[in-house]
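Comments concern the structure below.
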Amino acid sequence: NDVYDLGRLASLNTAMRLLGAESDTDHVVTTMGGDFLAPYLLSSLDHGKGMVECMNHLGISHCCFGNHESDVPHQALLNAIGTFQGKWLNSNMKGGGFGENERLP
């Protein structure tokens with residue numbers, strides 16, 4: 001939650017790789033708790049596109065909307081919804097110009 005520095009994602013990548021290697025399970029669930037599209041510095045330029053690319057590369061499996069996801073332009077949010085490869089968990093984003101988006105629960 002509240003990820004404002006992409007530099008810290010390298011440490012997260014290492015932790016996920018090491019912990020995943022030690023696991024006896026077939027699948028590890030990783031979540032992003034919201035506030036990842038904004039308001040970090042790069043988001044003022046790319047509206048969260050870089051963060052979604054990092055989340056996909058890391059293999060984040062699920063994410064939630066935070067209040068700062070509404071800080072980016074609406075089209076950028078729709079792009080993030082479509083680009084994120086994992087599952088969106090929230091159901092509180094119905095309406096508001098999202099239409100019947102199959103990516104949302």
Side-chain angles (χ1 to χ4, degrees):
N1 191 21
D2 293 275
V3 180
Y4 303 133
D5 181 359
L6 294 178
R8 294 184 179 154
L9 294 179
S11 296
L12 176 61
N13 185 41
T14 300
M16 288 172 58
R17 186 172 34 84
L18 293 175
L19 293 172
E22 296 174 2
S23 174
D24 270 353
T25 63
D26 294 331
H27 189 74
V28 175
V29 174
T30 54
T31 64
M32 182 69 74
D35 295 346
F36 52 87
L37 294 181
Y40 67 101
L41 181 60
L42 182 59
S43 71
S44 63
L45 302 172
D46 76 352
H47 305 300
K49 181 180 177 185
M51 181 62 76
V52 174
E53 289 174 1
C54 286
M55 290 167 58
N56 286 334
H57 178 75
L58 286 168
I60 301 292
S61 60
H62 296 78
C63 71
C64 297
F65 293 101
N67 61 305
H68 289 294
E69 271 62 70
S70 296
D71 291 350
V72 299
H74 187 72
Q75 187 58 51
L77 179 55
L78 292 175
N79 292 343
I81 291 168
T83 304
F84 177 60
Q85 296 170 355
K87 303 278 186 206
W88 292 88
L89 298 175
N90 295 63
S91 60
N92 64 343
M93 297 296 277
K94 296 286 186 186
F98 292 100
E100 291 299 320
N101 192 320
E102 67 218 27
R103 299 280 299 142
L104 298 177

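- Distance alone, capped at 3.5 Å, is enough to place a donor-acceptor pair between the Asp35 side chain and the Asn67 backbone.
- Residue His68 comes nearest to Pro39 through the heavy atom pair CG-CD, 3.7 Å, listed as atom of the first residue, atom of the second, then distance.
- Note that the CE atom of Met51 and the SG atom of Cys63 stand 11.5 Å from one another [nearest 0.5 Å].
- In this structure, OG1 in Thr31 is found 9.0 Å from NE2 in His62, a value given to the nearest 0.5 Å.
- With sequence neighbours left out, Asp46 forms a side-chain contact (heavy atoms from CB on, under 4.5 Å) with Tyr40, Leu42, Ser43, Lys49.
- Between Phe36 and Trp88, the ring planes are tilted. Angles from 30° to 60° get that label.
- When all heavy atoms are compared, the tightest approach of Pro73 to His47 is CD-ND1, 3.2 Å.
- Remark: Leu12 pairs with Leu9, Met16, Leu58, Ile60 by the side-chain contact (heavy atoms from CB on, under 4.5 Å) rule, at least two apart or across chains.
- With sequence neighbours excluded, no residue forms a side-chain contact (heavy atoms from CB on, under 4.5 Å) with Ser11.
- Contact detail for Val52 and Leu37: the closest heavy-atom pair is CG2-CD2, 3.6 Å.
- In this structure, Thr30 contributes its side chain and Ser61 its backbone to a donor-acceptor pair below 3.5 Å.
- Side chains of Arg17 and Thr14 form a contact here, defined as non-hydrogen atoms less than 4.5 Å apart.
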